Amino acid sequence: MEPIFTDKQLNNMSREDLISLMKIVQEQTKKKDTEIQLLKDKQKELEFLNAMLSDRLTLAQRKQFGASSEKYAEDYEQMNLFNEAEANADAETEELFEEIRSSSYKRKKRKGKKEEDLSNFEIVETRTYKLEGEARYCPACGSMKRPEKEPSLIRGSIATPSLVAGIMNAKYVNGMPLARQEREFARYDLDLSTKTMANWIINCADRYLKPLYQLMKEELLESRYIHCDESRIQVLGEPDQKGTTQNWMWVYLTDEFSGSPQMVLFDYERTRAGYHPVNFLGDRFHGYLTCDGYQAYHSLGEGIIVSGCLTHARRRFDAALTALKKDFTKEQLKETIAYQAMSRIGILYKIEEMIHNKTPEEKYEERQKQSRPVMDALFEWLHTMEDSVDRSSLIGDAILYTLNQEAYLKRYLEDGHLSIDNNSAERALKNFAVGRRNWLFAKSVRGAGTSALVYSITETALLNHLKPYAYLTYILDELRKMGAFPKEKELKKLLPWSEDLPEYCRTKLKNNTKPSDIEFGRQPETVSDGFYKMSIYG
């Protein structure tokens with residue numbers, strides 16, 4: 001290869017020209033080193049993916065051709081936890097709702113069935129409805145008046161507010177399936193079937209919880225800042241769709257800086273189309289919306305400003321780093337692009353941890369002083385690799401995704417009320433995700449909608465430091481007394497953030513601890529790099 005400059009030309013160069021030439025050579029060398037490092041990282045990624053695919057092929061062959069040592073018991077069906085209420089609701093059960101009884105057919109009820117079911121329930125309270133003195137007589141004709149009995153929770157049912165609240169709390173808060181609850185009741189000689197409990201949940205959700213949900217939504221639309229996320233759910237009962245089609249559960253959340261009460265609202269929708277959040281938020285909500293990089297959120301109304309999630313970017317670099325763990329030493333890992341990116345992102349999270357308890361105004365000032373220079377340097381560094389990376393590689397995907405989200409990821413610097421990520425919404429979906437591991441699909445749209453209602457109430461209760469069981473018991477009892485058309489003023493007193501709630505509904509354990517590692521994008525098993533704990537050898 002012919003030299004670029006001859007010896008004579010070099011000897012005749014001025015000092016300034018030589019310095020300029022050295023700078024150009026250094027930049028070219030640095031760029032070449034980066035390209036070499038990217039190629040090395042990609043090679044290790046391919047080796048990792050090849051090994052992983054080989055393992056998957058072996059497992060698939062074993063599953064297809066090998067003998068199965070784990071078989072279900074005869075007639076066993078996997079529990080559908082999320083849609084359990086709808087799946088088990090049965091119009092033929094003894095505890096039918098008044099609304100679904102057929103007027104042309106009267107079921108012949110077994111004598112003594114209700115008394116038998118109640119026989120082993122401990123009687124805690126006896127209510128006597130008695131009139132005294134002159135109140136006993138009708139002023140018009142002097143005949144005796146009959147005292148009015150308080151309405152039952154569900155007509156013709158043995159269900160009480162505390163019993164239904166206990167079932168809801170066990171299922172939606174503690175993840176205890178109705179079938180398991182039925183077995184637990186049976187251990188105490190109590191006859192309470194899964195179908196009966198399923199009917200109770202659906203009936204009470206539609207009749208009592210839905211009005212509260214609507215009021216909560218009104219408050220959410222008036223807030224100035226919300227989080228949004230979505231998660232898959234398969235609903236077999238959706239009309240005109242294949243059984244393998246994925247449907248979606250959307251979640252909308254306010255936090256302590258939203259300018260409104262804290263709440264979580266779940267909303268089941270058939271698809272992941274962008275018009276669902278448009279319809280849900282309507283033209284009422286105007287403010288910031290923190291979300292992941294899903295493009296649908298970027299086509300909302302003009303009054304909605306999207307803020308990105310740095311955790312989603314960090315996860316991509318973590319995935320690239322994971323592919324290198326097998327063959328790289330700790331020192332070699334520190335030289336990778338993925339590790340260096342995570343270190344820079346880690347500094348940003350460390351700053352957030354230090355300013356967590358400051359006011360929004362103080363956060364804004366600290367972010368301008370500390371976070372903005374780090375963020376600008378991060379993207380300036382990533383832009384130098386933009387033309388060198390291979391999009392098909394994990395590190396290439398991480399770099400290009402982060403660059404594509406640059407405007408949204410920097411937005412939290414504009415306002416101290418905003419969060420650096422969307423982890424709050426992801427945590428709100430945690431109970432839903434845990435349940436989804438136990439059920440494979442939902443049977444019907446009604447089942448998904450019922451669970452969305454109950455999850456909204458219980459998760460919001462937890463956010464507002466309420467005891468879910470005590471709170472559910474209280475509101476079901478109060479709503480039962482209000483009748484079919486409760487006044488909005490009275491309903492507002494029952495919302496999870498209402499100051500009118502009795503003290504026994506509130507928990508004494510306040511969340512005064514510092515934010516968890518999960519909130520700041522950390523992983524459970526970590527090692528320290530001096531700035532930030534990152535999952536390298538987990």
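If you're wondering where the values come from, they're calculated on a predicted model, not measured in any experiment.
At least one donor-acceptor pair under 3.5 Å links the side chain of Ser157 to the backbone N or O of Ala159. Looking only at distances, a side-chain donor or acceptor of Tyr208 sits under 3.5 Å from a matching main-chain atom of Leu153. Under a 3.5 Å cut-off, the side chain of Asn422 and the backbone N or O of Cys228 do form a donor-acceptor pair. Of the possible donor and acceptor atoms, none in the side chain of Asp477 sits under 3.5 Å from a partner among the backbone N and O of Thr473. Using a distance-only test at 3.5 Å, with no hydrogens or angles considered, no donor-acceptor pair links the side chain of Arg316 to the main chain of Tyr401. Side chain of Gln181 to main chain of Met176: a donor-acceptor pair is present (N/O by atom type, distance under 3.5 Å, no hydrogens or angles). A distance-only check finds no donor-acceptor pair linking the side chain of Ser258 to the backbone of Ile226 [under 3.5 Å]. Between the side chain of Tyr349 and the backbone N or O of Thr311, at least one donor-acceptor pair lies under 3.5 Å.
When all heavy atoms are compared, the tightest approach of Ala205 to Thr450 is CB-CG2, 4.0 Å. Leu472 and Asn169 make their closest contact through CD1-N, 4.3 Å (heavy atoms, listed as atom of the first residue, atom of the second, distance).
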For this session: Determine, step by step, whether Asp229 and Tyr294 satisfy the side-chain hydrogen bond (donor to acceptor under 3.5 Å, both in side chains) criterion, reporting the C-alpha distance in whole Å, the side-chain angles of both residues, the deciding distance to 0.1 Å, and the verdict.
Result: CA-CA 9 Å; Asp229 203 358; Tyr294 181 39; over 6 Å; no
For this session: In sequence, state the C-alpha distance, the side-chain angles, and the governing distance for Tyr252 and Phe280, and then conclude on ring pair (Phe, Tyr, Trp, His ring centres under 6.0 Å).
Result: CA-CA 9 Å; Tyr252 303 85; Phe280 188 89; 4.0 Å; yes
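Side-chain contact, Ser419 with Tyr225: no donor N or O sits under 3.5 Å from an acceptor N or O. Inspection of the His286 and Arg224 side chains reveals no N or O donor paired with an N or O acceptor under 3.5 Å. In the model, Asp292 has no side-chain atom that pairs as donor or acceptor with a side-chain atom of Tyr297 under 3.5 Å. Neither side chain, Ser162 nor Tyr469, offers a donor N or O lying under 3.5 Å from an acceptor on the other. Judged by distance alone, the side chains of Asn199 and Thr196 never bring a donor and an acceptor atom under 3.5 Å apart. Counted by atom type alone, Glu182 and Thr194 present one or more donor-acceptor pairs between their side chains at under 3.5 Å.
Between Tyr288 and His417 the shortest side-chain heavy-atom distance does not fall below 4.5 Å. Contact of the Phe285 side chain with the Ile304 side chain is registered, since non-hydrogen atoms from C-beta on lie closer than 4.5 Å. A heavy-atom distance below 4.5 Å is found between the side chains of Ile167 and Ile201. Within the 4.5 Å cutoff, side-chain heavy atoms of His227 are placed close to those of Ser424.
Counting non-hydrogen atoms of neighbouring residues, nucleotides and ligands closer than 6.0 angstrom, the CG atom of Asn174 exceeds 12 such neighbours.
Between the CD1 atom in Ile305 and the CG atom in Leu289 there is a gap of 10.5 Å [rounded to 0.5 Å].
You'll find the ring centres of His298 and Tyr408 inside the 6.0 Å limit.
Checking each of Thr290, Val264, Thr460, Leu220 against Leu253 for a side-chain contact (heavy atoms from CB on, under 4.5 Å) leaves exactly one that passes, namely Val264.
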